[in-house]
Amino acid sequence: PWCQLVDVLVNGEFRGTYQFTDQVTVDKDRIPVPELLPEDNELPALSGGYFLEMDALAGGEPCHFTSQRGIPVTVKSPDSDAITPVQRQYIEQHFNLMESTLYSDNYLDPEDGYRRYIDADSYMRHFLCSEFCANSDMYWSCYLYKNRDEDAFHIGPVWDVNLGFDNDGRSYPNRQAPDWTYRHVVSYAGTIRQWADRI
């Protein structure tokens with residue numbers, strides 16, 4: 001997303017430098033998936049696009065589900081007031097299919113394994129960027145999207161790095177961390193943590 005560093009002053013007192021940024025939304029220049037219409041209830045249109053967030057706070061969102069393995073997921077697009085029951089059921093089932101494939105015995109199969117349902121390149125870029133930043137929020141929330149006529153979920157974009165770069169007691173100081181951040185930061189959502197060893 002577009003961003004700009006800004007110095008914040010309150011009543012003339014400097015309060016810090018913050019990152020002001022665009023919201024992450026479905027758009028041709030942001031999340032590159034087509035917006036589903038209410039009439040898109042049959043394949044192939046039903047297959048996408050969807051924009052999700054694996055989100056520890058999903059239970060408070062108007063459109064959410066919990067995966068079969070316990071990951072809380074918010075449906076960001078289609079909007080909660082526009083998504084149809086058929087679309088919601090489709091994306092929940094497809095997420096569970098992806099997850100069950102990742103934990104299946106043949107998950108490494110190049111044709112029918114996890115790579116069919118998780119875009120490995122976007123996953124690794126997101127994972128390595130988050131690890132480089134020691135971003136403990138990568139275990140609290142993680143965006144992913146699914147395009148039309150594709151089985152795979154794309155992971156990203158990277159966001160919410162306010163706890164990265166030694167700005168969180170769970171990973172500070174990052175340079176002396178005993179292991180990968182995903183291995184030693186305690187968190188609730190467990191998004192990449194649950195997938196990292198498999199992938």
With sequence neighbours excluded, residues passing salt bridge (charged side-chain N to carboxylate O under 4.0 Å, His left out) with Glu13: Arg15

Pairs flagged by ring-ring contact (aromatic ring centres under 6.0 Å, His included) wherever residues 66-93 is involved - sequence neighbours left out: Tyr50-Tyr90, Tyr90-His94

Atom of Leu52, atom of Phe95 and distance for their closest heavy-atom approach: CD1-CD1, 4.1 Å

Residues forming a side chain to side chain contact (heavy atoms under 4.5 Å, CB included) with Glu39, sequence neighbours excluded: Leu37

pair Cys63-Asp81: side-chain heavy atoms closer than 4.5 Å: no

Shared hydrophobic cluster for Val6 and Leu9 (ILVMFWY, side-chain gaps under 4.5 Å): no

Closest approach of Ala120 to Arg115 (non-hydrogen atoms, all atoms of both residues): CB-CG, 4.5 Å

Nearest atoms (heavy-atom pairs only) where Gly48 meets Leu36: O-CD2, 3.3 Å

Closest non-hydrogen atom pair between Pro32 and Asn147, with its separation: O-ND2, 3.2 Å

Pairs satisfying ring-ring contact (aromatic ring centres under 6.0 Å, His included), at least one member in residues 6-48, at least two apart: none

Student check: side-chain heavy atoms of Ile199 and Phe127 closer than 4.5 Å: no

Within residues 63-77 or reaching into it, pairs that qualify as side chain to side chain donor-acceptor pair (under 3.5 Å) - sequence neighbours excluded: Glu53-Lys76, Asp55-Thr74, Ser67-Glu99

Interatomic spacing from OG1 in Thr101 to OH in Tyr117 - rounded to 0.5 Å: 5.0 Å

Results of side chain to side chain contact (heavy atoms under 4.5 Å, CB included) for Asn106 - residues two or more places apart only: Ser104, Asp109, Asp112

Value rounded to 0.5 Å, distance of CZ in Arg198 from CG in Leu108: 7.5 Å

Listed once per pair and sorted, the salt bridge (charged side-chain N to carboxylate O under 4.0 Å, His left out) pairs that draw on residues 143-155, sequence neighbours left out: Asp40-Arg148, Arg116-Asp151

Main-chain N/O of Leu43 paired with Ser47 side-chain donor or acceptor, under 3.5 Å: no

side-chain contact (heavy atoms from CB on, under 4.5 Å) evaluation trace for Trp195 with Ile155: CA-CA 12 Å; Trp195 297 2; Ile155 311 302; 4.0 Å; yes

Residues which pass side chain to side chain contact (heavy atoms under 4.5 Å, CB included) with Gln19, listed by chain and number, not counting sequence neighbours: Cys3, Leu5

For Asn41, all residues meeting side chain to side chain donor-acceptor pair (under 3.5 Å), sequence neighbours excluded: Thr84

Results of side chain to side chain donor-acceptor pair (under 3.5 Å) for Arg88 - residues two or more places apart only: Glu92

Minimum heavy-atom distance between His126 and Gly156, given as atom pair plus value: CD2-CA, 4.0 Å

pair Ile118-Met98: side-chain heavy atoms closer than 4.5 Å: yes

